[in-house]
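Values below: all heavy atoms of this structure, side chains included; hydrogens, waters and symmetry mates excluded.
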Amino acid sequence: MNGTDGNDLRVYGAVVDHEARCTHYRGPLDVVAMRFRCCDRYYPCLHCHAEHADHPARRWPAAERSEPAVLCGVCRTEMSVDTYVDTDGCPRCSAPFNPGCRLHHGYYFEPPPGHQVR
């Protein structure tokens, strides 16, 4: 499935269902996939990328937080990093996202300018 802008909306890795759950995270709210900056491919999680890609992961730069980098596995809507980190669910279909994923944002996205790291 391809997006209107040509992005490949296929989800790679150890995917277990059509809503982007994987063998690592397969709870009812684990319905997002991250587009990795290094390869322009969606993976359900950093572990899937580490196991299935042939290169190290790269985070999305802070200057590119407006780029589509997160995919709702329920309705296949792409959203920017900024939209994703500011919501608890999909802005299109209202599918709730796992709140525990917030703990992993640093693996996928550089913090915005001026963000205080504690």
Side-chain angles (χ1 to χ4, degrees):
M1 173 183 248
N2 287 324
T4 55
D5 62 357
N7 285 342
D8 182 0
L9 297 183
R10 184 174 8 174
V11 179
Y12 295 82
V15 181
V16 297
D17 71 12
H18 67 279
E19 291 186 340
R21 290 178 189 89
C22 67
T23 58
H24 309 101
Y25 300 100
R26 55 184 174 266
L29 302 181
D30 294 319
V31 294
V32 297
M34 306 297 175
R35 183 163 64 105
F36 280 75
R37 183 68 178 92
C38 47
C39 55
D40 201 31
R41 285 186 168 186
Y42 280 105
Y43 287 90
C45 73
L46 64 144
H47 306 295
C48 283
H49 183 276
E51 293 170 2
H52 294 272
D54 61 358
H55 57 272
R58 279 187 31 220
R59 296 186 301 170
W60 279 92
E64 295 180 23
R65 291 176 67 93
S66 64
E67 293 294 318
V70 181
L71 180 71
C72 173
V74 176
C75 71
R76 295 309 224 220
T77 293
E78 292 183 286
M79 61 200 94
S80 70
V81 174
D82 282 335
T83 297
Y84 174 67
V85 300
D86 288 339
T87 189
D88 294 324
C90 179
R92 180 171 175 216
C93 73
S94 300
F97 298 150
N98 185 337
C101 292
R102 292 185 183 283
L103 300 173
H104 303 143
H105 286 178
Y107 293 114
Y108 304 103
F109 322 118
E110 289 181 357
H115 177 77
Q116 296 291 329
V117 178
R118 294 179 186 190

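Under the 4.5 Å side-chain heavy-atom criterion for ILVMFWY residues, no single connected hydrophobic cluster contains both Val32 and Tyr25.
Legend: residues meeting ring-ring contact (aromatic ring centres under 6.0 Å, His included) with His105, ordered by chain and number and at least two apart, are Tyr84, Phe109. Checked against side chain to side chain contact (heavy atoms under 4.5 Å, CB included), Thr23 has the following partners two or more places apart in sequence or in another chain: Ala14, Val16, Arg26. With sequence neighbours excluded, the residues that form a side chain to side chain contact (heavy atoms under 4.5 Å, CB included) with Glu19 are Asp17, Arg21, Val31, Val74. For His24, the side-chain hydrogen bond (donor to acceptor under 3.5 Å, both in side chains) partners two or more places apart in sequence, or in a different chain, are Glu51. Thr87 pairs by the side-chain hydrogen bond (donor to acceptor under 3.5 Å, both in side chains) definition with nothing, not counting sequence neighbours.
Ala69 approaches Val81 most closely through the heavy-atom pair CB-CG2, 3.7 Å. Between Pro56 and Cys38, the shortest heavy-atom distance links the atoms O-SG, 3.7 Å. Smallest separation of non-hydrogen atoms from Pro111 and Ala62: O-CB, 3.2 Å. Across all their heavy atoms, Gly89 and Phe97 have their closest contact at C-CE1, 3.5 Å. Closest approach of Val11 to Leu71, counting heavy atoms only: CG2-CD2, 3.8 Å. Minimum heavy-atom separation, Gly13 to Cys48: CA-CB, 4.0 Å.
For residues 85-101, the set of pairs meeting the salt bridge (Lys or Arg N to Asp or Glu O under 4.0 Å) definition, not counting sequence neighbours, comprises Asp88-Arg102. Contacts classified as side-chain hydrogen bond (donor to acceptor under 3.5 Å, both in side chains) and involving residues 55-72 (residues at least two apart or in different chains) are given here: Arg37-Glu64, His49-His55, Arg65-Asp82.
Atom NE2 of His18 sits in a sparse spot, with 12 or fewer heavy atoms from other residues, nucleotides or ligands closer than 6.0 Å.
Here Cys39 contributes atom SG and Asp54 contributes atom CG; the two are 8.5 Å apart, rounded to the nearest 0.5 Å. How far NE2 of His52 is from CZ of Arg41: 11.5 Å, rounded to the nearest 0.5 Å.
Looking at heavy atoms from C-beta onward, Thr83 lies out of side-chain contact with Glu78 at the 4.5 angstrom threshold.
The closest donor-acceptor contact from the side chain of Tyr108 to the backbone of Leu46 lies under 3.5 Å.
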